[in-house]
Amino acid sequence: MTASLLTDSLRKRAALAGRLLAWYDRNRRDLPWRAGPGESVDPYRVWLSEIMLQQTTVATVTSYFADFTNRWPTVEALASAELDAVLHAWQGLGYYARARNLHACAKRVTTQFGGRFPASEAELATLPGVGPYTAAAIAAIAFGQAATPVDGNIARVMARLCAIEIPLPAARSEAGRLAARLTPKERPGDFAQAMMDLGATVCTPRRPACALCPWIDACNARSLGRAEEFPRRPAKRARPLRHGVIFWTERTDGSVLVQRRPESGLLGGMAEFPSTDWREEPWTDAEARRAAPVAIRWRRLPGTIEHGFTHFRLELTVWSGRIDSHPAAILGNARWCEAGALSGLALPTLMRKVARHAMEHSGETGT
DNA sequence: TATACGTGGTT
DNA sequence: TAACCAAGTAT
């Protein structure tokens, strides 16, 4: 018997929710940000985990979450940190606007709300970096409000349960409307987490384990034999390939030229090595020399750095140059960083690849 | 509504 | 291997 959430009785919907909660109680995963039995929920940890988990896997988040909560056990502690320290701790996690908003949000909660996160979905949604999903998730999980977050898991579970034919991203709001009809007054936070766990472990994007699903008899997509076809997705656009030249500028004392990226946009606020623009047209050697941060003898290192961003792929050529003493004319906002201090910089993964490549090839002859 | 925004793991 | 995918938000 399949579910029809718009016409099913309240009792039938409550039974469906109850079955999922029972499944959750049997299969509950112990995650570091979840309160253990008898522990009270800490809104700070819920919020921090939800921000980290945006578009990021549990496996990746775990070590960052442990590091952040060790260094900054409270929202006030995080608010007191320097932005650069937060960016440094966030390096490698990606989507760096999250780190900037995290810091801004901690300050807002500390100054505007006296260190207590607001409990309502509407107030939560006014905080930097907190959108509709995160506001609902915190309200439900940390404050027991009957809110219905819709993440990718929940959208997929609902799209299958109700065979939503509308393609993403519009399917998301439809999924939210339907999921709200299932959300129980009791344990709304557990219900949301149960939906997400179900999506993450059973109702997976590919090859869902329907035999293990507490909703197998209610699932419309399953009854149609089309579970894997939901949610419908629009065709993806190809990611263009962009090219750039990046300059590894070494002083005779071993220092390297670095600079800070603009506060917003790609890798905003993170450290980088001076580089050309990243464009689709490859750079000629002559163009690269003209774009170099200082007029010295450069050599092009063998090989390239390849890196994938969300909306384009990047191929960087690394050029290496050595310079004596203190050149009068450089820089812009660039500065020298001692070799041993590189690890103290907030370097995104791309720039770590560049540094590793440059150091591996230092001493070789370029082509 | 559409696009910008990282990275690592899986298939 | 290239594509796909992940507990989304800001603009």
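Here the structure is a predicted model, which is why all the values come from computation and not from measurement.
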Would you mind classifying the nucleic acid contact of Trp90(A) as base, sugar-phosphate or nothing, using non-hydrogen atoms under 4.0 angstrom? nothing
Nearest-Å distance, CG (Leu102(A)) to C1' (dT9(C))? 13 Å
If the cut-off is 4.0 Å, is Thr310(A) near the phosphate of dT7(B), judged by side-chain N/O to OP1 or OP2? no
On DNA chain C, more 5' by nearest nucleotide between Asn153(A) and Leu127(A) is Asn153(A)
Ignoring backbone atoms, test whether Gln54(A) places a side-chain nitrogen or oxygen under 4.0 Å from the OP1 or OP2 oxygen of dG8(C). no
Both Ala125(A) and Met196(A) contact DNA chain C. Which one's nearest nucleotide lies toward the 5' end? Met196(A)
Please check if the number of heavy atoms outside Glu165(A) that lie under 6.0 Å from its CD is greater than 12. yes
Nearest-nucleotide pick for Phe309(A), side chain only, options being dA6(C), dG8(C), dG6(B): dG6(B)
Neighbour count above 12 (heavy atom, 6.0 Å) for Gln112(A) CD: yes
Within this structure, what is the OH-to-P distance between Tyr95(A) and dC5(B), rounded to whole angstrom? 10 Å
When all nucleic acid strands are considered with a 4.0 Å heavy-atom cut-off, which category describes Arg261(A): base, sugar-phosphate, or nothing? nothing
In whole angstrom, give the distance that lies between atom CD of Gln55(A) and atom P of dG9(B). 17 Å
Between Thr148(A) and Thr183(A), do the side chains contain an N or O donor and an N or O acceptor separated by less than 3.5 Å? yes
Give a yes or no on whether a salt bridge exists between Glu174(A) and Arg177(A), defined as a side-chain N under 4.0 angstrom from a carboxylate O. yes
Touch check for Arg237(A), heavy atoms < 4.0 angstrom, all strands: base, sugar-phosphate only, or nothing? sugar-phosphate
What nucleotide among dG6(B), dG8(C), dA6(C) has an atom nearest to a side-chain atom of Leu266(A)? dG6(B)
Which of these nucleotides, dA6(C), dT7(B), dC5(B), is closest to any side-chain atom of Arg156(A)? dA6(C)
Specify the separation, in whole Å, of atom CG of Leu53(A) and atom C1' of dG8(B). 15 Å
Contact under 4.0 Å: Arg313(A) side-chain N or O vs dA2(C) OP1/OP2: no
Between Thr56(A) and dA7(C), is there a contact of a side-chain N or O with OP1 or OP2 at under 4.0 Å? no
Where the side chain of Arg233(A) is concerned, which of dA7(C), dG6(B), dC5(C) is the nearest nucleotide? dC5(C)
Please verify the inter-ring angle class for Trp278(A) with Phe309(A); under 30° counts as parallel, over 60° as perpendicular, anything in between as tilted. parallel
Under 6.0 Å from the ring centre and within 45 degrees of the ring axis: does the NZ or CZ of Arg242(A) meet both conditions for the six-membered ring of Phe312(A)? yes
Which residue, Arg98(A) or Ala59(A), contacts DNA chain B at a nucleotide closer to its 5' end, judged by nearest heavy atom? Arg98(A)
base_contact_polar (dG8(C) base, Tyr133(A) side chain, donor-acceptor, <3.5 Å): no
dC5(B) OP1/OP2 closer than 4.0 Å to side-chain N/O of His311(A): yes
Within the 4.0 Å heavy-atom criterion, would you say Val61(A) contacts the bases, only the backbone, or no part of the nucleic acid? nothing
dA2(C) OP1/OP2 closer than 4.0 Å to side-chain N/O of Lys236(A): no
His307(A) side chain N/O closer than 4.0 Å to the phosphate oxygens (OP1, OP2) of dT7(B)? yes
